[in-house]
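Protein chains get the first letters and strands the later ones, always in sequence-line order, with residue 1 at the start of each. The structure displayed is predicted, hence computed values, not measured ones.
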Amino acid sequence: MLDLKFITANPELVKRSVVLKNESVDVDKILSLDNERRQLKTRIDSLRAERKKLSRQIGELIKQGKETESLKQNVKEVGSQLAEDEEKLRAVEYELKELLLRVPNIPHKSVPVGKSEDDNVVVRTWGEKPHFSFKPKDHIALGEGLGIIDFKRGAKLAGTHFPVFLAAGAHLQRALVNFMLDLHIKKHHYIEVAPPYLANRRTMTGTGQLPKLEDDMYLCERDDYFLIPTAEVPVTNLHQDEILTAAQLPLYYVAYTACFRREAGSYGKETRGLIRVHQFDKVELVKFTLPEDSYEEMEKLLNDAEEVLQLLGLHYRVVELCTAELSFAAAKCYDLEVWAPATQRWLEVSSCSNFEDFQARRSNIRLRRSAEAKLEFPHTLNASGIALPRTIIALIETYQQPDGSITIPEPLRPYMEADSIPAP
RNA sequence: GGAGAGGUGGCCGAGUGGUUUAAGGCGGACGCCUCGAAAGCGUCUUCACCCUUAAUCGGGUGACGGGGGUUCGAAUCCCUCCCUCUCCGCCA
């Protein structure tokens with residue numbers, strides 16, 4: 001959420017960023033509602049002041065045993081005018097808040113302006129495309145052939161795009177999770193969090209999933225809980241309604257969770273196999289920083305996520321998203337895309353985003369630098385570190401052998417307790 | 001799921017319709033004192049919004065878990081929802 005005062009002071013800048021992000025929210029309506037709100041507020045405040053004064057007089061008159069009926073009648077009239085204005089103000093504030101929650105964050109000035117994916121900028125590429133002396137199989141053929149991924153049974157249990165991992169496939173997931181957690185906890189000094197997988201509306205609104213993305217999430221209707229689409233939601237909201245001190249920052253958190261996404265309207269032939277699934281595992285990194293440190297911390301965060309792919313020896317690139325591709329809440333975002341050599345595609349396995357104070361304001365996460373200092377909002381950032389299914393695609397396609405077995409990259413071997421997944 | 005007890009500022013805690021304009025304490029900030037410090041003494045202490053202002057200052061309104069109601073007037077009475085604790089039931 002943007003500060004209402006910032007919007008009224010910079011309406012053209014806000015309108016421009018709404019267009020750049022392909023959003024549609026009526027900024028002029030916000031300005032006129034705010035005007036109306038302030039007028040009503042001024043009138044209500046003075047009516048209340050009058051009522052307060054007169055009511056106190058009534059109290060004194062009663063003590064003195066004097067007559068109060070005419071004064072009571074007087075205050076009653078003030079009260080009914082007040083009730084009318086308060087009703088109007090409630091309606092105006094409700095409408096204003098609904099609109100404010102739909103104003104996207106403003107892209108950082110360094111973000112390339114663009115209209116589509118084609119305008120994203122490749123920042124760097126790591127490693128090289130693997131070469132094969134044979135025709136490599138894609139991850140679907142490999143996964144089914146080795147008996148480690150079962151798409152059909154998953155569809156039976158829940159529905160399409162709910163894969164089952166079996167045997168070495170299940171072990172591979174667990175190994176990857178533990179490998180990533182250990183890296184981020186021990187080497188990069190993140191604090192491990194195991195949060196709830198369900199979240200309420202307030203929490204979902206705090207990080208920006210609501211109101212825009214309601215249809216993209218699973219909802220437990222009886223209790224009005226959403227299944228988390230990413231650990232970003234519960235972990236960022238850990239400090240909802242809290243006041244952080246400068247000494248606490250920066251705060252680094254890492255959480256492994258399952259993630260649930262309806263992926264409404266995104267089916268198609270590009271989403272076969274593990275590329276787009278409704279439930280997947282992810283290790284997520286979340287940071288809270290001082291405002292002036294967030295862009296430096298963002299680069300370190302990106303490096304921490306990249307290190308996972310480097311250690312696994314997977315060819316990847318870093319892409320800076322253009323304005324149109326930036327998510328609603330982000331001010332700047334890098335994607336990590338890993339190369340899947342048989343599927344022949346770059347696959348997004350991490351988004352590294354700086355939300356500046358956008359989420360902190362929505363979640364009411366505040367910062368006080370010292371006892372005398374005014375309250376500020378810290379900056380929040382997150383990056384996947386990293387998402388599993390697409391990593392598994394790249395990993396098994398990259399490390400497949402002519403005999404159909406898969407070599408496990410060295411750093412993962414202690415976690416797999418094996419150096420390969422043998423051919424069937 | 002049932003019964004009961006609770007929810008007051010950064011923290012503890014008083015407050016059952018009108019000097020509560022939220023007592024008192026802790027913690028914190030500043031000052032005095034001191035060579036310096038501690039102790040002591042004094043002053044101060046939240047957030048949001050509105051008006052005014054170039055800004056500060058100043059004035060005002062609201063907030064006692066959330067929302068609604070009664071009343072001239074609500075932290076206080078009523079309704080409703082949420083959360084915490086205790087006991088019971090069910091259960092991995």
Side-chain angles (χ1 to χ4, degrees), chain A residues 1-10 30-101 194-206 210 219-226 234 237-249 258 288 357 360-378:
Chain A
M1 189 162 60
L2 298 178
D3 187 356
L4 178 56
K5 282 184 180 148
F6 179 85
I7 296 174
T8 55
N10 305 280
I30 291 176
L31 299 181
S32 70
L33 283 170
D34 181 54
N35 253 319
E36 204 177 334
R37 178 186 69 91
R38 281 186 286 111
Q39 281 175 22
L40 283 166
K41 174 81 172 140
T42 304
R43 195 154 76 218
I44 287 170
D45 281 359
S46 65
L47 285 171
R48 279 180 178 159
E50 190 182 348
R51 180 178 70 178
K52 206 170 178 178
K53 199 177 85 193
L54 295 178
S55 288
R56 219 174 280 151
Q57 283 176 17
I58 291 172
E60 282 163 24
L61 289 175
I62 289 174
K63 266 187 201 159
Q64 296 164 17
K66 290 185 179 158
E67 188 273 339
T68 58
E69 275 315 308
S70 65
L71 198 49
K72 278 190 186 177
Q73 195 50 41
N74 214 331
V75 183
K76 203 163 189 170
E77 278 162 28
V78 173
S80 64
Q81 178 62 51
L82 200 47
E84 201 178 297
D85 286 347
E86 281 172 338
E87 181 55 42
K88 280 186 207 158
L89 182 65
R90 252 202 298 274
V92 166
E93 285 187 329
Y94 179 82
E95 201 181 343
L96 188 57
K97 193 181 157 206
E98 288 299 300
L99 285 173
L100 280 177
L101 287 174
Y197 288 11
L198 302 186
N200 59 33
R201 279 181 189 274
R202 168 88 204 283
T203 296
M204 283 297 175
T205 305
L210 289 180
L219 170 64
C220 304
E221 220 165 327
R222 288 182 81 151
D223 300 295
D224 210 32
Y225 289 141
F226 291 89
N237 279 287
L238 273 181
H239 296 295
Q240 187 183 97
D241 291 325
E242 292 181 15
I243 298 173
L244 305 174
T245 63
Q248 280 177 276
L249 301 179
F288 297 77
D357 62 8
R361 188 174 286 109
R362 285 168 91 103
S363 281
N364 195 33
I365 302 163
R366 291 172 298 172
L367 161 67
R368 197 196 297 278
R369 293 180 196 250
S370 67
E372 323 86 83
K374 279 275 155 206
L375 287 168
E376 303 170 60
F377 292 102

Sticking with atom [atom1], work out how far [N] lies from [M], rounded to a whole angstrom.
N      : M      : atom1 : result
B/rC57 : B/rG15 : P     : 37 Å
B/rU61 : B/rA22 : P     : 12 Å
B/rG9  : B/rC26 : C1'   : 13 Å

Applying a 3.5 Å limit to both distances, which nucleotide forms a Watson-Crick or G-U wobble pair with [N]?
N      : value
B/rA92 : none
B/rU86 : B/rA3
B/rC44 : B/rG28
B/rA39 : none
B/rU19 : none

Between [atom2] of [N] and [atom1] of [X], the distance in whole Å:
X      : N      : atom1 : atom2 : answer
A/L82  : B/rC72 : CG    : C1'   : 12 Å
A/I243 : B/rG9  : CD1   : P     : 12 Å
A/R48  : B/rC51 : CZ    : P     : 15 Å
A/E93  : B/rA63 : CD    : P     : 13 Å

Stepwise, does the side chain to side chain donor-acceptor pair (under 3.5 Å) test hold for A/N35 with A/R38?
-> CA-CA 5 Å; A/N35 253 319; A/R38 281 186 286 111; 3.1 Å; yes
